[in-house]
Every structure is written in C-alpha cells, then in structure tokens.
Amino acid sequence: MPELPEVEVTRQSFCERIHGARVTAVRVGKPLRWPLGVVPDSLVARTVGEVARRGKYLWLPLEDDGREAGGLLMHLGMSGSLAFSPAPGDAGVHDHFDLVTSRGTLRLTDPRRFGAVVWSASRSDGMAAKLLNGLGLEPFDPAFTGAHLHAALKRRRVAVKLALLSGDIVVGAGNIYACEALFAAGIDPRTRSDRISRPRAERLAAAIRDTLARALALGGSTLRDFRDAHGMEGRFQAQARVYGRAGVPCDACGTPLRRIVQGQRATFFCPTCQRR
DNA sequence: ATGGGTACCTGTCTGC
DNA sequence: TGCAGACAGGTACCCA
C-alpha cells in the first residue's frame, strides 16, 4: 500500500503530537515480518523524539534522560497504517503493535502483516542499519538529479520500471507512482534502463519528484485502506492517469491504456504516449 | 554484481 | 449461493 507520499503523510500527521511523549506501555500482537528485538517493557518511560522518514521506513527515536537510547524502525508493508489517538479502544485482530504514551497510543494496523516494527540501538546500527543501508537517494534530495539517475540507470539492464522499484537508485516510488512518473515522462516501462538517454533521464527524475510531490500535497492515495494517523483518506488516486485504468482511453491521446506484468507486479501505461 | 523468481499473509473481487 | 482463483500499495532472500 504505502509508498513515500503515504508514509510521509502518516509521519506528518502524528510527528508533532507524539514528540516528547513518554512511553507508558507497549503491546505486541501477532508477529510481524521480524521480531521486535527487545523486551517491550524495557521501552517504558523513554521519551519519543522527532519521527523521521527514510524511504518508506519511519524511525521513532526513543530518548532516555534527553539522550537518544535506540528507537523503533517501522515499515507499513503492503497493507499497514498507523493511527494515533488518545483512546484507541480494544485492539482488533489486525492491530499488531501499540506504543502507548502519555499523549496517546500509536497503533499499527496491518491485515497482511508484511509490515515491521523493529528495535535498534541506533539508526546506523543493528537491524535498522541492515534495512536502511543500500537504499537509494531520497527523491527530494538535491543530489537526485537527472545526471545521477542517468548514470545509475546505465549500470543496469532491467526494464526501467523494475529499476525504479528496486529502491537502490531512488526510494519512494512504488507501483502506483512508478507507473505515473513513467507516463508523465513519456517513457515505456519496458525500456531497458541502460538505453534511457540523458534528456529522458532528466525528464524522468523531474517526473518522479513532481508525481510524489503532488501525491504528498493530496494526502497520498487511498485505493482501499490507506488512512493517515488521523484517519484521513488520500485524494491522489482520482488523479491517476494510468494506474488501475487498463482499457480506459488515455486522457492525452485516446489510446486504450494497457496492463502488463513486470516482476510479478501490474504495470499500466499508454502504448502511444510512452515510447521505448 | 546482476537478474529472476519465491516467499511472507489476508482480504476482496471476479467468474464459473 | 458457494467456491476456486486472481489480485493487491513491499521487499528480503535464495539461486543461477
């Protein structure tokens, strides 16, 4: 489910309210992707620092006497969402993690359990480091330029859409936004990444940034169950030009949009507007 | 190193 | 109505 815009919208929706809150209890439900890696009770009495995002991961620093004392790395997987509320009510079957604090409870709901909550001594240590190392540039990092994207794509021979999804060149564009950005840049998703010219890489880098920024401004995409930590739905999905629209006439040229499968994932594109 | 495929898990929708 | 099968926003890991 959640790509960069959804994760960032989620972060923004609870970051300020939880900042400075004191952990009073931790509840762990069904196992997620990895074990938590710490005795839950040992987190009690720590203070939540400023929540950060890296790619589609969230990092919740936990402080002890004002000093950073580890933190929780969270991932929403395909179906996860976080809610922050003063009185969350009883945990349902899909509520797998509660961080109960003096200001309210941060609750992870994740029906498919592809998500994760993992404790690490620091962001650059242990499990967090293992998961975060090797991630590509942030799309809004000034270092993410057309030149950088061009050089990175030159080193690979996979289809450009798969290169974008792999997350080691640029993070944050998942299946929806990779499809949308390739449409905006006029590039066929099947094009071999090393055949993308410099000008097209420039356009693609700009399209990735623009697509993610626009989605962010609209609160992300809610296809079925995404909500931010206030329970708000995203509004980007109504603006999708290709995603989920197989057979629908392209709104730029009228050609029916196509659906193909790449790397076991659906890809949507316009065979006329998007060229190899 | 790269690329391709599998695995994880559950809910929803489609077609017979 | 019931049921099998396809499909879903992600990514670590195994193997060639």
Side-chain angles (χ1 to χ4, degrees), chain A residues 1-10 29-35 37 53-58 73-82 92-97 108-118 126-136 151-182 190-195 208 211-212 215-216 218-228 233-240 242-247 259-268:
Chain A
M1 157 184 68
E3 306 182 34
L4 183 147
E6 291 75 29
V7 176
E8 179 59 20
V9 163
T10 299
K30 281 194 199 169
L32 291 163
R33 183 153 190 167
W34 294 287
R53 179 190 56 75
R54 174 76 175 98
K56 300 170 192 170
Y57 288 92
L58 289 177
L73 191 70
M74 310 183 103
H75 197 288
L76 302 179
M78 288 278 263
S79 57
S81 61
L82 286 168
V93 278
H94 300 313
D95 299 331
H96 308 304
F97 184 84
L108 176 71
T109 304
D110 183 6
R112 291 176 73 182
R113 284 191 284 137
F114 288 174
V117 180
V118 173
M127 196 63 181
K130 186 177 166 188
L131 296 171
L132 297 176
N133 286 347
L135 290 186
L153 291 175
K154 272 274 169 273
R155 285 180 230 120
R156 313 277 303 268
R157 262 143 302 180
V158 284
V160 61
K161 191 219 177 192
L162 295 178
L164 294 182
L165 287 185
S166 69
D168 51 5
I169 298 174
V170 58
V171 294
N175 209 26
I176 298 177
Y177 301 120
C179 290
E180 295 297 321
L182 285 163
R190 298 166 294 185
T191 310
R192 263 176 56 160
S193 70
D194 60 342
R195 304 254 172 90
I208 291 168
T211 302
L212 294 175
L216 197 48
L218 290 168
S221 297
T222 299
L223 294 191
R224 62 170 19 131
D225 49 16
F226 171 71
R227 298 291 184 300
D228 72 12
E233 298 191 4
R235 284 161 286 131
F236 179 86
Q237 65 282 0
Q239 314 244 327
V242 290
Y243 188 84
R245 294 165 58 86
R259 176 188 188 276
I260 59 173
V261 174
Q262 293 180 288
Q264 289 86 245
R265 320 275 316 266
T267 297
F268 299 88

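Below, chains carry the letters A, B, ... as their sequence lines are ordered, and counting in each starts from 1.
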Student: Describe the nucleic acid contact of A:R224 in one word from base, sugar-phosphate, nothing, applying a heavy-atom distance below 4.0 Å.
Tutor: base
Student: Mind calculating the distance between CZ (A:R192) and P (B:dT2) to the nearest angstrom?
Tutor: 14 Å
Student: By nearest nucleotide on DNA chain B, pick out whichever of A:G263 and A:R156 is the more 5' one.
Tutor: A:R156
Student: Let me know the distance between CG of A:L108 and P of C:dG10, rounded to the nearest Å.
Tutor: 16 Å
Student: Is there a side-chain contact between A:R190 and A:I260 in this structure, where contact means two heavy atoms from C-beta onward sitting under 4.5 Å apart?
Tutor: yes
Student: Of all the nucleotides listed (C:dA8, C:dT11, B:dC9), which has the minimum atom distance to the side chain of A:F114?
Tutor: B:dC9
Student: Within the structure shown, what part of the strands sits under 4.0 Å from A:Y57 by heavy-atom distance: base, sugar-phosphate, or nothing?
Tutor: sugar-phosphate
Student: OP1 or OP2 of B:dG11 sitting under 4.0 Å from any side-chain N/O of A:H94?
Tutor: yes
Student: Less than 3.5 Å apart, any donor N or O on the side chain of A:E180 or A:T211 sitting next to an acceptor on the other?
Tutor: no
Student: Of A:K56 and A:K130, whose nearest nucleotide on DNA chain C comes first from the 5' end?
Tutor: A:K56
Student: What integer distance in Å separates A:Y243:OH from C:dC7:P?
Tutor: 12 Å
Student: How close or far is atom P of C:dA8 from atom CD of A:E3, stated in whole angstroms?
Tutor: 13 Å
Student: Could you give the distance from NZ (A:K154) to OG (A:S193), rounded to the nearest 0.5 Å?
Tutor: 8.0 Å
Student: If every non-hydrogen atom of A:T10 is compared with every non-hydrogen atom of A:D228, which pair is closest and at what distance?
Tutor: OG1-CA, 4.3 Å
Student: Using whole Å, report how far CG of A:L135 lies from C1' of C:dG10.
Tutor: 12 Å
Student: Please give the nucleotide sitting opposite B:dC9 as a Watson-Crick or G-U wobble pair, both distances under 3.5 Å, or none.
Tutor: none
Student: Tell me whether the OP1 or OP2 atom of C:dT11 has a side-chain N or O from A:H75 closer than 4.0 Å.
Tutor: yes
Student: Heavy atoms only, 4.0 Å cut-off, all strands: where does A:R157 land among base, sugar-phosphate and nothing?
Tutor: sugar-phosphate
Student: With the side chain of A:R33 defined as its heavy atoms from C-beta on, choose the nearest nucleotide among B:dG5, C:dG10, B:dT10.
Tutor: C:dG10
Student: What is the minimum heavy-atom distance between A:P2 and A:V7, and which atoms define it?
Tutor: CB-CG2, 3.9 Å
Student: Categorize A:L162 for me: base, sugar-phosphate, or nothing, with a 4.0 angstrom heavy-atom threshold over every strand shown.
Tutor: nothing
Student: Any idea which of C:dC7, B:dC9, C:dG10 is nearest the A:R259 side chain?
Tutor: C:dC7
Student: Calculate the interatomic distance between A:L164 atom CG and B:dG3 atom P; express it in whole Å.
Tutor: 13 Å
Student: I need the CG-P distance between A:N175 and C:dC7, as an integer number of Å.
Tutor: 13 Å
Student: So does A:R112 reach the base of B:dC9 with its side chain, donor to acceptor, closer than 3.5 Å?
Tutor: yes
Student: Tell me the interatomic distance from A:I169, atom CD1, to B:dT2, atom P, rounded to whole angstroms.
Tutor: 10 Å
Student: Can you check the distance between C:dC3 and B:dC9, where both ends of the measurement are the P atom (answer in whole Å)?
Tutor: 24 Å
Student: Ignoring hydrogens and angles, tell me if any N or O in the side chain of A:E8 forms a donor-acceptor pair with the backbone of A:P5 under 3.5 Å.
Tutor: no
Student: Considering only atom P, compute the distance from C:dG9 to B:dT14 and round it to an integer number of Å.
Tutor: 16 Å
Student: Would you tell me if any nitrogen or oxygen in the side chain of A:R265 comes within less than 4.0 Å of OP1 or OP2 on C:dG9?
Tutor: yes
